[in-house]
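Numbering of residues begins at 1 and proceeds along the displayed sequence.
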Amino acid sequence: LVRQLGGDDQVGWLHSTAGGKATGLYRQVLEWRAELPDCVLLVQVGDFFEAWGVDAVMLVQWCGLRAMARKPHAGFPASAPVLQQALDGLTANDLSAAVFVQTGEPGRPNQPRTLRQVVTPGTPTYLFGHEFSRSKEESTFSEGRRYIGMRLRTDGILFAEL
């Protein structure tokens with residue numbers, strides 16, 4: 001897998017551009033990589049979380065996953081226990097991960113995605129059911145509940161229920 005990595009972009013994936021220019025989801029991945037250079041990016045694509053390039057190599061190396069089509073591309077089912085297992089493998093090896101989830105209607109193409117949480121070796125537990133959002137309008141919180149918020153360098157706020 002490492003031999004297939006390329007230096008043509010920040011992700012190390014050579015075959016995801018059309019006409020030499022990144023398009024669609026891969027363009028978003030490059031933007032997220034620029035914002036979160038120290039994180040393994042896990043992106044929900046339908047019923048799976050996927051990673052490309054160097055991030056896929058980290059999933060294969062530290063989480064026991066297999067590469068897709070013998071390319072630096074790896075993924076796993078988008079279920080809570082499987083996601084937490086992958087995060088445990090990464091954080092146990094001092095890696096952080098940024099989890100991007102789909103926010104649109106299931107089954108539709110070109111899904112919008114948002115950063116739900118950055119999981120680190122110091123905070124390895126994924127908080128299911130709360131959005132990591134850049135604005136109050138995008139947040140998914142219940143009225144009348146107590147939350148604690150922390151501002152992170154990605155200019156977002158992570159909320160946890162008390």
Side-chain angles (χ1 to χ4, degrees), residues 1 4-5 11-13 15-16 24-33 35-135 137-142 145-150 152 154 156-162:
L1 290 180
Q4 294 180 36
L5 296 175
V11 176
W13 177 255
H15 308 290
S16 291
L25 176 58
Y26 193 69
R27 181 182 44 77
Q28 284 185 305
V29 169
L30 291 174
E31 291 171 7
W32 296 330
R33 168 58 61 221
E35 289 182 33
L36 300 159
D38 299 329
C39 291
V40 173
L41 303 182
L42 302 176
V43 180
Q44 185 180 5
V45 180
D47 294 333
F48 291 87
F49 278 100
E50 297 186 14
W52 300 267
V54 174
D55 295 341
V57 173
M58 296 298 109
L59 287 176
V60 170
Q61 175 70 31
W62 301 116
C63 301
L65 298 177
R66 294 182 185 200
M68 294 180 181
R70 298 183 185 190
K71 302 273 186 207
H73 181 202
F76 54 88
S79 72
V82 179
L83 174 58
Q84 188 61 57
Q85 185 178 10
L87 293 170
D88 289 345
L90 295 170
T91 57
N93 288 284
D94 292 325
L95 297 169
S96 297
V99 180
F100 289 87
V101 296
Q102 293 180 174
T103 57
E105 192 175 318
R108 297 207 125 178
N110 301 320
Q111 287 281 335
R113 291 172 178 82
T114 188
L115 176 61
R116 175 153 294 163
Q117 185 176 342
V118 174
V119 179
T120 68
T123 57
T125 302
Y126 183 73
L127 302 173
F128 292 92
H130 293 297
E131 293 297 331
F132 179 56
S133 177
R134 297 181 188 281
S135 72
E137 292 77 31
E138 294 176 2
S139 299
T140 56
F141 301 104
S142 300
R145 291 186 146 175
R146 296 181 188 177
Y147 294 97
I148 185 170
M150 296 174 49
L152 303 176
T154 58
I157 299 177
L158 170 64
F159 289 92
E161 188 175 342
L162 295 177

Name all residues meeting the side chain to side chain contact (heavy atoms under 4.5 Å, CB included) criterion together with [X]; count only those two or more places apart in sequence or in a different chain, and write none if there are none.
X	answer
Gln85	none
Arg108	Glu105, Gln111
Leu65	Leu59, Cys63, Phe76
Thr125	Gln84

To the nearest 0.5 angstrom, please state how far the [atom1] atom of [X] sits from the [atom2] atom of [Y].
X	Y	atom1	atom2	result
Leu95	Gln61	CG	CD	10.0 Å
Trp32	Asp55	CH2	CG	12.0 Å
Leu115	Leu42	CG	CG	11.0 Å
Ser96	Leu87	OG	CG	10.5 Å

statement: Heavy-atom closest pair (Pro124 atom, Pro121 atom, distance to 0.1 Å) is CD-O, 3.7 Å

message: To check you understand the geometry: which heavy-atom pair defines the closest contact between Ala56 and Ala51, and what is its length?
response: CB-O, 3.5 Å

Does some side-chain heavy atom of [Y] sit less than 4.5 Å from a side-chain heavy atom of [X]?
X	Y	answer
Cys39	Val118	yes
Leu41	Val29	yes
Phe49	Val101	yes
Phe100	Thr114	no
Val82	Phe48	no
Val43	Arg113	yes

query: Are any side-chain N or O atoms of Thr103 and backbone N or O atoms of Pro112, one a donor and one an acceptor, separated by less than 3.5 Å?
result: yes

query: Residues two or more places apart in sequence or in another chain: which of them pass side-chain hydrogen bond (donor to acceptor under 3.5 Å, both in side chains) with Glu50?
result: His73

message: I'd like to check the side-chain hydrogen bond (donor to acceptor under 3.5 Å, both in side chains) partners of Ser79; sequence neighbours left out, ordered by chain and number.
response: none

- prompt: In this structure, which one of Arg27, Gln28, Arg33 forms a side chain to side chain donor-acceptor pair (under 3.5 Å) with Glu31?
  reply: Arg27

message: Is it the case that over 12 heavy atoms from other parts of the model lie below 6.0 angstrom from the CG atom of Asn93?
response: yes

